[in-house]
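Worksheet: one structure, shown below.
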Amino acid sequence: MNKAFSQSFKIHGSDMYNAGKASTEIKTILKQLGINSTTIRRVAIAAYEAEMNVVMYAKQAIMIFEITPEQIHITVDDEGPGIPDVHLAMQEGFSTATPEMREMGFGAGMGLPNIKKNSDSMKVESIVGKGTKLEIKININ
Amino acid sequence: MMKLLEVAEALSCEVFSDEQQLQYKVEFGCASDLMSDVLAFSQAGALLLTGLVTNQTIQTAYIAEIKAIVFVRGKKPDKKVIDLAKEKKIPLLGTQYSMYEACGILYQKGLVPTMSNVPHKAMNE
Ligand SMILES: Nc1ncnc2c1ncn2[C@@H]1O[C@H](COP(=O)(O)OP(=O)(O)O)[C@@H](O)[C@H]1O
Ligand SMILES: [Mg+2]
């Protein structure tokens with residue numbers, strides 16, 4: 001595999017029923033490509049937390065998944081309220097999740113910190129009232 | 001390490017998946033209703049005990065490489081949840097025991113934890 005492979009997914013805000021589908025598909029693709037399981041788990045967890053954040057907080061997003069021989073890139077570009085204080089949002093336990101989201105098992109304020117933990121580089125850019133762009137890079141192996 | 005068959009026996013489980021999946025082995029146990037915690041603190045190959053019976057439970061398990069799920073307190077998955085688990089090849093069990101009791105029983109049987117913050121002695125030795 002010399003050329004980069006890429007695929008994009010549409011994520012819809014508030015669509016709890018389909019929440020997680022994009023990340024699940026990414027995981028399946030990585031398994032088919034024979035990527036090692038530790039890397040797959042890191043990518044899947046990071047992508048899933050990012051996907052859940054779109055479902056919980058934003059209107060919609062495009063998730064782009066790219067794989068090169070060295071790295072896996074996940075970019076999630078959403079249209080939504082944005083994050084007023086990214087530094088605060090990155091703190092473990094910080095969450096603005098509603099009671100309904102908590103009932104679904106999310107909203108512990110662990111998502112962004114866990115994305116950081118599972119990635120080799122993570123960048124968050126956000127404009128309040130417009131949206132959030134998250135870029136994740138994970139080295140292969 | 002515990003065979004699912006032993007887990008099912010220890011917790012008098014109802015089995016919602018193929019009986020042959022009871023041959024699977026689980027290496028660790030973890031328990032939570034918080035899927036974010038499962039994503040942050042579980043390990044591949046673990047058994048998840050949870051009271052949360054939704055699609056997200058299955059998706060989360062698939063993402064985190066959870067080997068099997070036990071629903072506690074008599075909670076039953078609906079057909080959609082069972083079908084999704086089938087597709088993801090994740091066996092589903094259900095027990096009448098509470099989360100506390102179910103964890104205690106499996107812990108006593110020697111199933112080691114994943115979400116531990118304190119140094120832990122393996123009990124099998
Ligand atoms: N895509 C997003 N759009 C708007 N706000 C977001 C987004 N992602 C995260 N946030 C904000 O950052 C907070 C922390 O996110 P996270 O660490 O994933 O924890 P949780 O989702 O459990 O609250 C969220 O509660 C929310 O306020
Ligand atoms: Mg989150």
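Below, read A as the first sequence line, B as the second, and so on, with proteins coming before strands; counting in each chain starts at 1.
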More than 12 heavy atoms from other groups under 6.0 Å of NZ on A:K116: no
Verdict with supporting geometry, A:T28 and B:Y62, side chain to side chain donor-acceptor pair (under 3.5 Å): CA-CA 10 Å; A:T28 305; B:Y62 177 69; 3.0 Å; yes
Side chain proximity check, B:Q59 to A:E51, heavy atoms < 4.5 angstrom: no
Where A:T24 and B:I63 come nearest, the two heavy atoms and their spacing: N-CD1, 4.1 Å
A:E92, CD atom: more than 12 neighbouring heavy atoms under 6.0 Å: no
Region of A:K21 in contact with chain B, defined by heavy-atom distances below 4.5 Å: both
Cluster link A:Y17 to A:M56, ILVMFWY, side chain under 4.5 Å: no
Hydrophobic cluster membership, A:I67 vs A:F9, 4.5 Å side-chain cutoff: yes
Per-residue contact mode, A:Y48 against chain B (heavy atom under 4.5 angstrom): side chain
Heavy-atom pair count under 4.5 Å with chain B, highest-scoring of A:I26, A:T38, A:I45: A:I45
Structural part of A:E103 lying under 4.5 Å from a heavy atom of chain B: backbone
B:Q56 CD to A:M104 CE distance, which is reported to the nearest 0.5 Å: 4.5 Å
A:K59 atom NZ: more than 12 heavy-atom contacts under 6.0 Å: no
Least distance between heavy atoms, A:A108 atom then B:L34 atom: CB-CD1, 4.3 Å
Passing candidate, side chain to side chain contact (heavy atoms under 4.5 Å, CB included) with B:S36, options A:M110, A:M52, A:R102: A:M110
In one Ile/Leu/Val/Met/Phe/Trp/Tyr side-chain cluster, 4.5 Å: A:L134, A:I64: no
Which of B:T50, B:T60, B:D33, B:L39 touches chain A most, by non-hydrogen pairs under 4.5 Å: B:L39
Least distance between heavy atoms, A:R41 atom then B:A64 atom: NE-O, 2.8 Å
Cluster link B:Y100 to B:Y97, ILVMFWY, side chain under 4.5 Å: no
Within one Ile-Leu-Val-Met-Phe-Trp-Tyr cluster: A:I35 and A:I29, side-chain cutoff 4.5 Å: yes
